[in-house]
Amino acid sequence: MKRYCLAVLLVLVLVSSAVAAETDITFDQWLKDFHSFALKRGITENTWNLAFGNVVEPDTTVLKRAAYQPEFVQEVWSYLDTRVNQLSIRRGLEMAEHHMATLALLERSMEVDRSILLAIWSMETNYGSVLKKRERLHYVPLALATLAWGDSKRSKFARQQLIAALEILQAGDITADDMLGSWAGAMGHTQFIPTSYLSYGLDMDGNGKRDIWNSIPDALATAANLLVKNGWRPGKTWGYEVVLPKGIGEYAEQTKTLAEWEQLGLKRPGQKAFPRPEEKAILKVLAGENGPGFLMLKNFFVIKRYNNSDKYALAVGLLADKIAGWDGMVQSWPRPVDSLTADEKIEMQQLLKAKGFYDGEVDGFLGKGSREAIREFEKQSGLTVNGMPTRTILDALNK
C-alpha cells in the first residue's frame with residue numbers, strides 16, 4: 001500500500017512539474033491570449049462566453065490522463081482482453097438487432113459492414129454506456145484549453161482542436177453543457193475529435209444537426225463516412241491471422257502479395273486459402289515469433305485513421321469478425337505462465353461477485369476493485385495475499 005501511495009504521489013509530482021516546466025504563464029493569462037486569437041479566427045464573443053464564461057481553472061486530470069495511453073503501454077493480449085470478449089460480442093449482437101434499420105441503410109448507402117461500425121462503437125464508448133457516466137467525462141473546450149496550456153507535446157494539436165470545438169458550438173449542433181468527451185477532446189458515441197467531426201459529421205436522422213452525442217444514426221453514419229473518405233474497400237476484410245515460421249520476424253512491416261507471403265511459409269490456421277492471393281499485405285508481428293502473426297490489408301490501415309494504433313485496429317477487426325459470426329483467433333498469445341484469458345478474467349469477477357467479495361461491474365477489467373476483492377478472498381482462504389489475478393486464484397475460487 002505504501003509503495004502504491006508513493007507511486008501515485010510521484011505521478012502527481014511529475015505532472016505538476018511538467019506543467020510548471022512547460023508553461024510560463026498562468027492558465028488565466030493563456031485564456032486571455034487565446035481569446036484574442038479565437039476572435040481573429042472568426043469565433044464570436046458570444047460563442048467564447050458560452051464556452052468559457054464559467055471557467056476559472058484548468059482541468060488538471062486531463063494532464064494526468066495524457067500521460068497514460070493503454071495502446072502504448074499494455075501487452076497486446078491485455079489490451080484485447082478488455083475489448084474483445086464475450087461481453088463486448090454479446091452486446092454487439094444486441095445492438096445489431098436494436099439498430100438493424102440504421103445499420104442496413106448504412107451498408108446499402110456507404111458499403112461499410114455493420115460489424116465494423118459496431119466494433120468501433122464498442123471500442124470508443126462501449127456502445128454508448130460511457131456517455132451515461134457524465135461525471136467521468138470532460139468538458140471538451142476546457143480539456144483542450146488545458147492541453148494547449150499545459151502539455152507542450154500536444155499544444156499545437158489542442159489549439160487546432162479548440163478552434164474547431166468553438167466552431168461546432170457556434171454552429172449550434174450541441175450546447176456547451178452537453179459538449180462532453182474524453183481528455184483529448186474526442187466526442188460522442190463514436191468519439192470524434194473536433195476537426196474530424198467538422199470533416200466527416202453527418203446528419204443521418206434529418207433533424208438539421210450533426211448530433212453524435214445523442215443520435216446513434218448520426219454517430220454511426222459519421223464513423224462510416226470517415227472510413228469511406230479514407231479509402232474503405234467494400235466487401236474486403238481487414239487482414240488474416242497467420243502461423244509464423246521461425247525466422248520470419250525479419251520480414252515484419254514489409255509489404256508483399258499474399259502469394260509471396262505464402263511462398264515464404266506463412267499459412268492461415270487450418271491451411272485455409274487466401275481468397276485473393278494477388279492482394280498486397282503488410283506483416284505485423286505484435287508479440288514476437290512465438291505468437292500469432294497477421295497479414296494486414298488496406299482496410300486495417302483505414303481503421304487506423306480512427307486511431308493510429310495497431311492494437312486498436314486489430315481489436316476492431318477481431319471484434320467485428322466475432323459480431324459477424326465468423327471465426328475468431330485460432331492461435332494463443334504468448335501469455336505469462338498462470339495468466340488468464342479474457343473470458344477467464346470475466347469468470348473471476350463473476351465468482352468474486354457471487355461469493356460476496358466484489359460489488360463492481362463485471363467487465364473483464366481487473367482493476368483496483370477486482371484486486372482488492374482478490375486480496376480479501378486470499379485472506380479468508382488462507383492464501384498468500386498479493387491480489388494478483390492468476391489461474392491459481394481462479395482454480396481456488398472454482399473450488
May I ask you to decide if Pro336's main-chain N or O and Ser339's side chain share a donor-acceptor pair within less than 3.5 Å?
yes
Would a distance-only check, ignoring hydrogens and angles, find a side-chain to backbone donor-acceptor pair under 3.5 Å from Ser182 to Ala186?
yes
List in chain and number order the residues that pass side chain to side chain donor-acceptor pair (under 3.5 Å) with Arg335, two or more places apart in sequence or in another chain; answer none if no residue qualifies.
Asp81
Just to verify, which of Leu105, Thr222, Leu220 counts as forming a side chain to side chain contact (heavy atoms under 4.5 Å, CB included) with Met204?
Leu105
Should we count CD of Gln380 as having more than 12 external heavy atoms under 6.0 Å?
yes
Could you please spell out the steps behind the salt bridge (charged side-chain N to carboxylate O under 4.0 Å, His left out) verdict for Asp28 and Lys32?
CA-CA 6 Å; Asp28 184 61; Lys32 290 179 181 178; 3.6 Å; yes
Return yes if some donor-acceptor pair links the side-chain N/O of Tyr127 with the main-chain N/O of Ser88 below 3.5 Å, else return no.
yes
Residues two or more places apart in sequence or in another chain: which of them pass side chain to side chain donor-acceptor pair (under 3.5 Å) with Lys256?
none
Less than 4.0 angstrom from a charged side-chain N to a carboxylate O is my criterion; do Arg83 and Asp363 meet it?
no
Under the salt bridge (charged side-chain N to carboxylate O under 4.0 Å, His left out) rule, collect the residues that match up with Asp173, sequence neighbours excluded.
Arg210
Qualifying ring pair (Phe, Tyr, Trp, His ring centres under 6.0 Å) pairs, either residue in residues 350-393, two or more places apart:
Phe357-Phe377
For residues 34-41, dump all side-chain donor-acceptor pairs below 3.5 Å to protein atoms at least two apart in sequence or in another chain.
residue	atom	partner	partner atom	Å
His35	NE2	Glu45	OE1	3.2
His35	NE2	Glu45	OE2	3.1

Heavy-atom closest pair (Leu166 atom, Ala51 atom, distance to 0.1 Å) is CD2-CB, 3.5 Å
Can you check whether Gly387's main-chain N or O pairs, donor with acceptor, with Glu378's side chain at less than 3.5 Å?
yes
Where does the angle between the aromatic ring planes of Phe300 and Trp238 fall among parallel (under 30°), tilted (30 to 60°) and perpendicular (over 60°)?
tilted
Single-linkage hydrophobic cluster, 4.5 Å side-chain cutoff, Leu264 and Ile282 together:
no
Residue pair Tyr139, Leu144: steps toward the side-chain contact (heavy atoms from CB on, under 4.5 Å) verdict
CA-CA 9 Å; Tyr139 175 50; Leu144 293 171; over 6 Å; no
Taking every non-hydrogen atom, the tightest pair across Arg268 and Pro275
NH1-CD, 4.0 Å
Whichever hydrophobic residues join Phe157 through chains of side-chain contacts under 4.5 Å
Ile193
Do the side chains of Arg114 and Glu97 get close enough for a salt bridge, i.e. N-O under 4.0 angstrom?
no
How long is the gap from CG on Leu93 to NE2 on His98, to the nearest 0.5 Å?
14.5 Å
Show which residues join Val385 in its hydrophobic cluster (side-chain heavy-atom contacts under 4.5 Å, direct or indirect), or state none.
none
Residue from Ile120, Asn299, Asp113 passing side chain to side chain contact (heavy atoms under 4.5 Å, CB included) with Leu227
Ile120
Pairing residues for Lys353 by the salt bridge (charged side-chain N to carboxylate O under 4.0 Å, His left out) criterion, not counting sequence neighbours
none
For Arg159, all residues meeting salt bridge (charged side-chain N to carboxylate O under 4.0 Å, His left out), sequence neighbours excluded:
none
Using every non-hydrogen atom in the two residues, find where Glu278 and Thr257 come nearest and quote the distance to one decimal.
O-CG2, 3.7 Å
Cluster partners of Val362, using ILVMFWY side-chain heavy atoms under 4.5 angstrom, listed by chain and number?
Leu87, Ile346
Is it true that, when you exclude Asn54 itself, more than 12 heavy atoms of the residues, nucleotides or ligands shown sit nearer than 6.0 Å to its CG?
no
Greater than 12 external heavy atoms within 6.0 Å of Arg305's CZ:
no
Would you find more than 12 non-hydrogen atoms of other residues, nucleotides or ligands less than 6.0 Å from Asp359 atom CG?
no
Under-4.0 Å salt bridge between Glu279 and Lys236:
yes
Step-by-step side-chain contact (heavy atoms from CB on, under 4.5 Å) determination, Arg91 to Met95
CA-CA 6 Å; Arg91 187 67 172 150; Met95 291 296 102; 3.4 Å; yes
Residues forming a salt bridge (charged side-chain N to carboxylate O under 4.0 Å, His left out) with Glu57, sequence neighbours excluded
none
Looking only at heavy atoms, what is the nearest atom pair of Leu147 and Leu63, with distance?
CD2-CD2, 4.3 Å
Minimum heavy-atom separation for Asn290 and Lys246, please, with both atom names.
OD1-NZ, 3.4 Å
Can you name the side-chain contact (heavy atoms from CB on, under 4.5 Å) partners of Glu241, sequence neighbours left out?
Pro269, Pro292, Phe294, Met329, Val330, Gln331
Using the ring of each side chain (for Trp, its six-membered ring), is Trp77 parallel, tilted or perpendicular to Trp333, with breaks at 30° and 60°?
tilted
Would Val285 end up clustered with Val243 when hydrophobic side chains under 4.5 Å apart are linked, directly or stepwise?
no
Residues Asp178, Arg134; criterion salt bridge (charged side-chain N to carboxylate O under 4.0 Å, His left out); working and verdict:
CA-CA 9 Å; Asp178 289 331; Arg134 290 175 66 95; 3.5 Å; yes
For the residue pair Phe52 and Trp48, categorise the inter-ring angle as parallel (less than 30°), tilted (30 to 60°) or perpendicular (more than 60°).
tilted
Taking atom NZ of Lys355 as the centre, does the number of heavy atoms from other residues, nucleotides or ligands within less than 6.0 Å exceed 12?
yes
Would you confirm whether Gln161, through its side chain, and Ala158, through its main-chain N or O, come within 3.5 Å as a donor-acceptor pair?
no
Do you know the tightest heavy-atom contact between Ala223 and Tyr306?
CB-OH, 3.7 Å
For Tyr312 and Glu124: C-alpha separation, side-chain torsions, deciding distance, then whether side chain to side chain donor-acceptor pair (under 3.5 Å) applies.
CA-CA 10 Å; Tyr312 176 90; Glu124 296 299 339; 2.5 Å; yes
With a 6.0 Å cut-off (strictly less than), is the heavy-atom count around CZ of Arg276, excluding the residue itself, greater than 12?
yes
